[in-house]
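Have a look at the structure below before the remarks.
Every chain is numbered from 1 and lettered A, B, ... according to where its sequence line falls, protein lines coming before strand lines.
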Amino acid sequence: MFSGASRLEQRLSRAAWIADPATPAAAPTLASPPIAVVTRSGSALSLAAVDAMAERHGLKPGLALADARAMVPDLLVAPEDREADLALLGAIADWADRYTPLIALDGIPAAWSTREAAIPPSGLFLEIAGSAHLFGGEAALGADLRARLESQGFAARVAIAGTPGAAWAFARLATSQRAPVSIVASGEERAVLASLPLLALRLPSDTVAGLERVGLKTVGALLDQPRAPLARRFGPLLALRLDQALGREEEPVVPRRPVPALVAERRFAEPILSESDVAETARSLAAALAQTLENRGEGARALELAVFRVDGVVTRVAVGTSRPLRDPAMIVGLFAERLKGLGEELDVGYGFETVRLSVLRAERDDPAQVDLSGGAEAEADLARLIDRLGARLGLSRVMRVLPVESHIPEAAMMSVAASRARVGGGWGAGLEAEAGRPQADEPIDRPVRLFARPEPIEAVAEVPEGPPIRFRWRRALYDVARYEGPERIAAEWWKGPRPTRALPEMPETADSSHPGTDPGRGADETAALPPGTPGLTRDYFRVEDEDGRRFWVFREGLYEREVARPRWFLQGVFA
Amino acid sequence: MDTMDQATDQPSAAHESLADLRRRIAEIEGRPEPAARLDLPEPAARFDLKVAARESRRLEGGALPFGIDALDRLFAAGGMPLGTLHEVGVGATREVGALAGFTLALVARLLSLRAGTVLWAVDRMSALEGGHLYAPGLNALGLDPARLILVEASDAKDILWTLEEGLDARGVAAVVGEIRGSPRALDITATRRLALRGRAGKTLALLLRLDAAPTPTAAATRWRLSGRPSGTIGGFGVGVGRPAWRLDLIKNREGRLGGCDLEWDHHERGFVLSAHSRAVSAPPSDRSADPPRTGQIVALDRAS
């Protein structure tokens, strides 16, 4: 609900971003030269933003660079870099995470302003209704925010109001150098809005021009008008913006990062300097979270540890688990493994001032029955092993294999992260399932190792459908002593029509002295078609050479029915 | 085929004190005691209940029996000792099929005797060079792919760490690490740590070396494997038959050296010696009448 909600909006003057972070931008001295950011509009360069010093000299955004230089000869210019600005705003948003997790950039997406492109964000929305009390009230939070930003070299303007629309307006138009923080109690927005120009409403410029032509120049004037004719003439966006500013229409702050289910955090008066302190803090935070999780009957599936450094850098480490987890020691162990796996140490710098542990996703964790046979314990142990391996190496690198219904060999098996797979089997050759055991005289028809991309080989074989007699793979020649096959695996014809492909004519080589054979070359094009591509039939052969090496090779394409010259590939090796 | 034969322990004063000394050193180092050499009786039938019972007893005792005397006799415990590190190597990358196949067969044998999963760690290079494990192939060999957990590590150090972690977990019956070449991380200290970690448990720990120069490691045994022309399946002489390998034990800290020619029976999930192949019958008439090729024809041996 809206009552009591406060929004805090800060606007950063863009010129301040190129100022040297070491020097506080709030008090420019006469010694520092004026700085401006230029952008190219058409063929001329014009000023996009100016700093306080330049403003004192009378420069304003929009002025042409040539004129500006004439007025202020020693002007320093820097080219505009929108992406860097956006990245910096994102970094500030991440830093401001210490105040509240609900942070959004305040840009206007293109969908709203129908004739203009999107307005890029130049500030942040922070929803502080739930966290203002932790900082001693809204005023204290606003002052703290502004002071910290200033110490990092940014000139910030902060406004706290009951709606994002109002806060946006106040931050840009109701604050000034001397009073950079403005707080408007909920209920008084209308009074303050009334005196602001139309710019406060985030309307497209043609609407603003139209309103000014009619004589409506302030928000107050708009509010006095009857709504219906305005909406008819200028569109529904106008009404929407008015309602959003006044709080009649809801405008949610969509947070940039997923909001965690549970958060435990500790702030230090003196920054902590060692990693073991961080680990100790994380352990006690995990213990606090474990209690809450237990009360709810849940366990954590995804966790994030965030450490905030005094100079504003935030480091986040995330781990996932395969089963709901509550044990603090194991949670801290997973983070330790993750850090080792990432290979980087926590860069302490001047110290950490806040450590926060969040549970991003929790799941029901029913208390397990004590299993006398020990089977459940073994399973739990296995899950913990998977978590530890996944924390260090990456959860996607610890896999189980699942069967897939497909007769294309490459596609018959799928590997999924072990943390997500439930062991079910489905392969048929289980320990208990006698029916699934291979029969005594059933041939071993699939190789133990498969190449994801079948490797092209040069094979000598009888046409049209004979087995290979000799083939060359990876520069070694193999003579086939025994073979079995062919096993014909046609393409999945239900997936589409077959292409007709004719390979270019191959030159005759000396090897084709054997009558009736046809050397198939496979080396021109890159690998075989990906599985499922409608097209060529494969004839698989299990071949064995004189030394006892067993391979799985196939001929791709039926001779003269599908391709002019079939190619040969090697796809696997047998035991 | 035993190539070396160590001296038997004849009781005599000098030998007794030597045996005592050996035992004390073994205790200090934490190796299992080299017990007196067992004389294993010939099994009456190939697969029967008594043999199965004896095998599971030996498994409780900490050894995985091959089921083949020529190999089981090489170890005092009557089988491949669990809780120590073993190394299996092949000469060239093209033998990767034989290496993977033998290891999978061994693991399938272990998993048919006890519950648990197998943890298989590969490094990215060996996956690129030799392909990845293919689950339908495992199924065809007799190993249920649902009992496999595959770990893809980026280098040898991570593989060794994965194996160490796997040795501690209770639900894991075997850990296998596949390493290509001779990376520096695979040295005596790292493997010794791995061997010590597994000492308390009964997990089979195997290190597969692909295309590696012989480097010193702390493995208790080292095997050399190569492929051999296959045996027959179902009595057909033409065609690719059962997987067959030549296995040589070239280093054994707790027993003798030896080797044999081996085949894998995927139905019974056991190893057989190659000489025990079934009689060959004529190829059936529906096979195409190809001109006779230079293939192997397995000679008629004893009828079974």
Side-chain angles (χ1 to χ4, degrees), chain A residues 375 377-379 381-382 384-386 388-389 392-393 397-401 403 409 412-413 415 418 423-431 437-452 474 476 479-484 542-544 546-551 572-575, chain B residues 94-98 100-102 104-105 111-112 115-117 130-146 148-154 158 161-162 165-166 169-172 226-230 233-235 238-240 242-244 264 266-268 293-296:
Chain A
E377 267 195 34
E379 214 184 287
D381 239 3
L382 205 58
R384 284 195 277 273
L385 171 68
I386 292 173
R388 268 205 311 280
L389 295 175
R392 171 100 158 226
L393 306 169
R397 305 255 215 112
V398 181
M399 303 172 280
R400 279 199 195 265
V401 289
M413 155 182 141
S415 29
V423 182
W427 290 98
L431 179 59
R437 248 168 125 187
Q439 294 305 309
D441 49 3
E442 210 176 291
I444 294 181
D445 58 353
R446 286 291 179 268
V448 284
R449 296 189 82 107
L450 196 79
F451 293 95
R474 288 185 183 172
D479 277 308
V480 172
R482 295 158 78 167
Y483 77 96
E484 254 186 48
R542 304 201 299 285
V543 298
E544 182 181 297
E546 291 145 350
D547 297 323
R549 298 182 204 106
R550 293 168 274 276
F551 302 102
V573 276
F574 282 91
Chain B
R94 58 183 146 176
E95 309 268 4
V96 66
F102 168 69
L104 288 166
L111 291 184
S112 70
T117 47
H132 58 86
L133 282 181
Y134 187 52
L138 268 65
N139 209 7
L141 269 188
L143 173 63
D144 184 5
L148 173 72
I149 296 183
L150 263 181
V151 176
E152 196 186 280
S154 43
D158 279 344
W161 176 80
T162 306
E165 294 288 320
R170 237 171 313 184
V172 173
S226 63
R228 271 192 63 255
S230 55
I233 289 184
V238 180
V240 179
R242 280 196 215 155
W264 169 250
H266 52 279
H267 175 71
E268 301 285 350
R293 301 192 187 276
T294 55
Q296 293 263 105

Item to complete: Could I get the full list of ring pair (Phe, Tyr, Trp, His ring centres under 6.0 Å) partners for A:Phe551, not counting sequence neighbours?
Response: A:Phe471, A:Trp473, A:Tyr478
Worksheet item: Mind checking what makes ring pair (Phe, Tyr, Trp, His ring centres under 6.0 Å) contact with B:Trp264, not counting sequence neighbours?
Response: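 Scan of B:Trp264 (ring pair (Phe, Tyr, Trp, His ring centres under 6.0 Å), adjacent residues dropped) gives B:Phe271.
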Which one, [options], leads in non-hydrogen pairs under 4.5 Å with chain A?
{"options": "B:Leu133, B:Leu150, B:Val151", "answer": "B:Leu150"}
{"options": "B:Leu104, B:Leu138, B:Thr117", "answer": "B:Thr117"}
{"options": "B:Ala100, B:Gly130, B:Ser154", "answer": "B:Gly130"}

Worksheet item: Based on non-hydrogen pairs under 4.5 Å, which of A:Leu382, A:Asp547, A:Val573, A:Val448 is most in contact with chain B?
Response: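 Heavy-atom pairs under 4.5 Å are most numerous for A:Val448.
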Worksheet entry | chain B contacts, top residue of A:Asp479, A:Leu389, A:Leu393 (heavy-atom pairs, under 4.5 Å) | A:Leu389
Practice prompt. Write down the atom of B:His266, the atom of B:Leu141, and the distance for their closest heavy-atom approach.
Written response: CB-O, 3.4 Å
Practice prompt. Assess whether side-chain contact (heavy atoms from CB on, under 4.5 Å) is satisfied between A:Arg482 and A:Val543, documenting all intermediate values.
Written response: CA-CA 6 Å; A:Arg482 295 158 78 167; A:Val543 298; over 6 Å; no
Worksheet entry | Proximal component of A:Arg388, with respect to chain B [non-hydrogen, under 4.5 Å] | both
Worksheet item: Given the rule in the side-chain contact (heavy atoms from CB on, under 4.5 Å) test, do A:Met413 and B:His132 qualify, once you have shown the distances and angles that lead to the verdict?
Response: CA-CA 11 Å; A:Met413 155 182 141; B:His132 58 86; 3.7 Å; yes
